[in-house]
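Here the structure comes first, spelled out in C-alpha cells, and everything after it is commentary.
What you are looking at is a predicted structure, and each value in this text was computed from that prediction instead of being measured. The basis for the numbers below is simple: all heavy atoms, side chains too, and nothing from hydrogens, waters or symmetry mates.
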Amino acid sequence: MTLMKSWLASANSADTPFPLNNLPYGVFSTGEEEPRCGVAIGDRILDLAAAEEAGLVELAEDPVLDVPFWNEVMELGPEAWAALRARLMQLLGENSTEQAAVEPLLVAQADARMHMPFLVSEYTDFYAGKHHAFNVGTMFRGPENALPPNWLHIPIGYNGRASSVVVSGTDIRRPWGQLKGPNDDMPRFAPCARFDIELEMGAVVGKNTAGPITVEEADDAIFGYVLLNDWSARDIQAWEYQPLGPFQAKATATSISPWIVTTAALEPFRTTTPEREKDLLPYLAEPRPMLYDIDLAISLQAEGGEEHTIARTNYSRMYYSAAQQFAHHTTSGCAMNVGDLLGSGTISGPTKDERGSLLELSWGGKEPLEITEGLTRSFIEDGDTLTLKGAAKGDGYQIGFGDCTGTLLPALDDPYKR
C-alpha cells in the first residue's frame, strides 16, 4: 500500500507518523477544556467530540466521543470501528467535500496535552519474546537451561496492576522494596538500585469475551496497539519472584504511548511468527499471519544531556503473537473485558544492539553499556529519560505510535520513617 493523500498538507509527508493511512485514536485537552477523544492527522488532532456535536460523525444515538476514553467506541464493536475509520477517511481525504466544516475542528498537536487513551480494565504482561527469555535465562541458569521446559509450548504471563498504567510523559518515581544480596543474611528495605525498562507492545482488547475463544476470534477482538514500557525493579524482583513470579517489582509503573494504532491501520504490515522449535497445541495455531512488521527503538537521555538511541529491534521478533496470548488467556474460561491491556513481553532480537532492556544490554550489570564517550549505563539513573519509538514503514509513508516517554525521579525519603 502507498501513501493515502489528505487535503491537510502535513499528513502527506513521508516523515509524518500520522498520515491518512494511520488515523490513531487518543485523548487530548487544550487550555482549560476537558479531555476528549481525538484522532491524529499530520501535525494536527481532529477534535472528534466537536465533530460528533456538529453531526460530522455519528456512531450511536447518544454521544460516545465527548468522554476522555475510547472504551465506549470499543463497546460498539468492529462494525462501528470500521464505519468510523471509513468516515474519517471521507472527511480527511484529498477529495473530501467537507473540508470547510472539518478545518475549524483541527487542533495543533503542539498545543495539546495527551491523556490516557482508554480506561484500563485489567493488565496482563507476558514473557513471550524468545531472545529476551533466552538472554535472561542464560544469565541466571546458563544457556543449556535458559528456557524453562514449558516456554516453547505456552505463552507465559502474569496478572499485573491496571492502576500502574500511565500515559507517556508521566514521571516515574524510583521505588522502594525488599532487597537481598546473595551474601546477605537478611533482606533490607531500600530504594531499588537496578531499575530497568522493557521494550514491549501492548494490545488493547476491544470486545468482551466469555469462555475460550480461538486465535482468529482473539485477533478480531483486538482494537489496536500501543507502545508499552514495563518498568522493572530487577533487584526487588530477584528476591520476591520465587516461587510465584513478579509482584512489587512490576507494580511501579507501565507507560504506554498516547495513541492507539488500530489493527486496520496495521493490516498491510502483517507477518508470520517464527518457525516453531516445538509444534504448538492446535488451539494456538494461527490461521493467518498474526504479528506485525514494526520497527522499534529505545533512546536514553541523561539529565541535561543529549538523546541517544541504545537499541533497535522489530515487533516481528516475538515468538507468540498478541492473538495467541489473548486466546490462551481465555482457555480457563477467564472472561476478557473491553479495555484489557496485554503486554507482549520484552522484545529483543538475536544481536546485542537489539536487546530490549538494560538488563540484557549490560548483561546483568557485568558489561556496562557504553552509550557515548563518558556515558555508560548498567541500569537507569535518576534524571534519565527513556523513550520508546515505533513505526511500521510502508511505501512512502509510516504508521507511528507517538513516543512512549518517562523520566526517572529519585526515590522518596524513607516512607516508613517517622
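Enclosure of atom CD in E306 is not indicated, since only 12 or fewer non-hydrogen atoms of other residues, nucleotides or ligands lie within 6.0 angstrom. At most 12 non-hydrogen atoms from other residues, nucleotides or ligands lie less than 6.0 angstrom from CZ of R113. Within 6.0 Å of atom CD in E53, 12 or fewer heavy atoms from other residues, nucleotides or ligands are found, so the atom counts as exposed in its surroundings. Within a 6.0 Å radius of CZ in R312, no more than 12 heavy atoms belonging to other residues, nucleotides or ligands are found. Within 6.0 Å of atom CG in D413, 12 or fewer heavy atoms from other residues, nucleotides or ligands are found, so the atom counts as exposed in its surroundings. At most 12 non-hydrogen atoms from other residues, nucleotides or ligands lie less than 6.0 angstrom from CG of D279. Atom CD of E34 has 12 or fewer heavy atoms from other residues, nucleotides or ligands within 6.0 Å.
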- Message: Go through it in stages, so that I can follow the logic: the residues are V205 and N337, the test is side-chain contact (heavy atoms from CB on, under 4.5 Å), and I'd like the CA-CA distance, side-chain angles, deciding distance and then a yes or no.
- Response: CA-CA 7 Å; V205 174; N337 300 310; over 6 Å; no
- Y292 and T263: CA distance, side-chain angles, deciding distance, side-chain contact (heavy atoms from CB on, under 4.5 Å) verdict: CA-CA 10 Å; Y292 298 96; T263 53; 4.1 Å; yes
- Any chance you could lay out the ring-ring contact (aromatic ring centres under 6.0 Å, His included) test for Y315 and F269, step after step, and finish with the verdict? CA-CA 11 Å; Y315 185 40; F269 304 96; over 10 Å; no
- Query: What's the verdict on side-chain contact (heavy atoms from CB on, under 4.5 Å) for Y25 and L88, showing C-alpha distance, side-chain angles and the deciding distance?
  - Reply: CA-CA 11 Å; Y25 300 139; L88 292 173; 3.8 Å; yes
- Message: Does M89 form a side-chain contact (heavy atoms from CB on, under 4.5 Å) with L23? I'd like the steps, not just the answer.
- Response: CA-CA 9 Å; M89 287 188 169; L23 301 178; 3.8 Å; yes
- Go through the steps for S348 and E360 under the test side chain to side chain donor-acceptor pair (under 3.5 Å), then give the verdict. CA-CA 9 Å; S348 297; E360 297 167 86; 3.0 Å; yes
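Atom CE of M336 sits about 9.0 Å away from atom CD1 of I222, to the nearest 0.5 Å. The CG atom of D384 sits 11.5 Å away from the CZ atom of F195 when rounded to the nearest 0.5 Å. To the nearest 0.5 Å, atoms OG1 (T272) and CG (L291) are separated by 7.5 Å. Considering CG of L296 and SG of C404, their distance stands at 11.0 Å, rounded to 0.5 Å. Atom CG in L179 sits 7.0 Å away from atom SG in C192 (nearest 0.5 Å). Taken to the nearest 0.5 Å, the CD atom of E200 stands 8.0 Å off from the CG atom of N229.
L152 and L280 make their closest contact through O-CD2, 3.5 Å (heavy atoms, listed as atom of the first residue, atom of the second, distance). Among all heavy-atom pairs drawn from N22 and V261, the shortest one is OD1-CG1, 3.7 Å. Taking both residues in full, the closest heavy atoms of L227 and G390 are given as CD1-N, 3.6 Å, listed atom of the first, atom of the second, then distance. Heavy-atom minimum distance, P289 versus R270: O-NH1, 2.9 Å. Across all non-hydrogen atoms, the minimal contact from L388 to L228 is CD1-O, 3.3 Å. Minimum heavy-atom separation, A14 to Q398: O-NE2, 3.3 Å.
Each ring-ring contact (aromatic ring centres under 6.0 Å, His included) pair with one or both residues in residues 152-187, not counting sequence neighbours, appears once here: W176-F189.
When the side chain to side chain donor-acceptor pair (under 3.5 Å) test is applied to R36, the partners found at least two apart in sequence or on another chain are T30, E33, D47. For D43, there are no salt bridge (Lys or Arg N to Asp or Glu O under 4.0 Å) partners two or more places apart in sequence or in a different chain. Evaluation of the ring-ring contact (aromatic ring centres under 6.0 Å, His included) rule for F401 yields no partner, not counting sequence neighbours. Under the salt bridge (Lys or Arg N to Asp or Glu O under 4.0 Å) criterion, D295 pairs with K393, not counting sequence neighbours. Looking at residues two or more places apart in sequence or on another chain, you find a side chain to side chain donor-acceptor pair (under 3.5 Å) between E354 and T313, R317, T351.
Residues E198 and K250 meet the side-chain proximity criterion, which asks for heavy atoms closer than 4.5 Å. Under the 4.5 Å side-chain criterion, counting only non-hydrogen atoms from C-beta, S357 is in contact with R234. T376 is not listed as a side-chain neighbour of S362, based on a closest heavy-atom distance of 4.5 Å or more. Put simply, the side chain of S168 does not reach to within 4.5 Å of the side chain of S255, judged on heavy atoms.
Counting only distance, with no hydrogens or angles, the side chain of S13 and the backbone of S10 share no donor-acceptor pair below 3.5 Å. Side chain of S232 to main chain of D196: no donor-acceptor pair is present (N/O by atom type, distance under 3.5 Å, no hydrogens or angles). Checked by atom type and distance alone, the side chain of D219 never pairs as donor or acceptor with a backbone atom of V215 at under 3.5 Å. No donor-acceptor pair closer than 3.5 Å links the side chain of R355 to the backbone N or O of H131. Of the possible donor and acceptor atoms, none in the side chain of T372 sits under 3.5 Å from a partner among the backbone N and O of L375. Remark: side-chain polar atoms of N71 are paired, donor with acceptor, to backbone N or O of L119 under 3.5 angstrom. In this structure, the side chain of T330 engages the main chain of I213 through a donor-acceptor pair within 3.5 Å. A side-chain donor-acceptor contact under 3.5 Å links Q109 to the backbone of G42. T16 places a side-chain N or O within donor-acceptor distance of the main-chain N or O of F18, the cut-off being under 3.5 Å. A donor-acceptor distance shorter than 3.5 angstrom exists from the side chain of D340 to the backbone of E122, with no hydrogens or angles considered.
Note: H329 and F126 have perpendicular aromatic rings, judged against thresholds of 30 and 60 degrees for the angle between ring planes. Classified by interplanar angle (parallel below 30°, tilted 30° to 60°, perpendicular above 60°), the ring pair H132/Y127 is perpendicular. Ring geometry for F223 against W81 counts as perpendicular: the plane angle is over 60°, on a 0 to 90° scale with 30° as the lower cut.
Between the side chains of H328 and Y283, at least one donor N or O lies within less than 3.5 Å of an accepting N or O. Side-chain contact of S321 with E286: a donor-acceptor pair under 3.5 Å is present, judged by distance alone.
Between R288 and E216, at least one side-chain nitrogen of the basic residue sits less than 4.0 Å from a carboxylate oxygen of the acidic one, meeting the salt-bridge criterion.
With Y319 as the aromatic partner, R276 meets the cation-pi criteria of under 6.0 angstrom to the ring centre and within 45 degrees of the ring axis.
Partner of D230 under the side chain to side chain donor-acceptor pair (under 3.5 Å) criterion, chosen from T254, T252, T346: T254. A side-chain contact (heavy atoms from CB on, under 4.5 Å) with I380 is found for one member of I172, L358, T407 and no other, namely L358.
For F247 and W239, the ring centers sit 6.0 Å or farther from each other.
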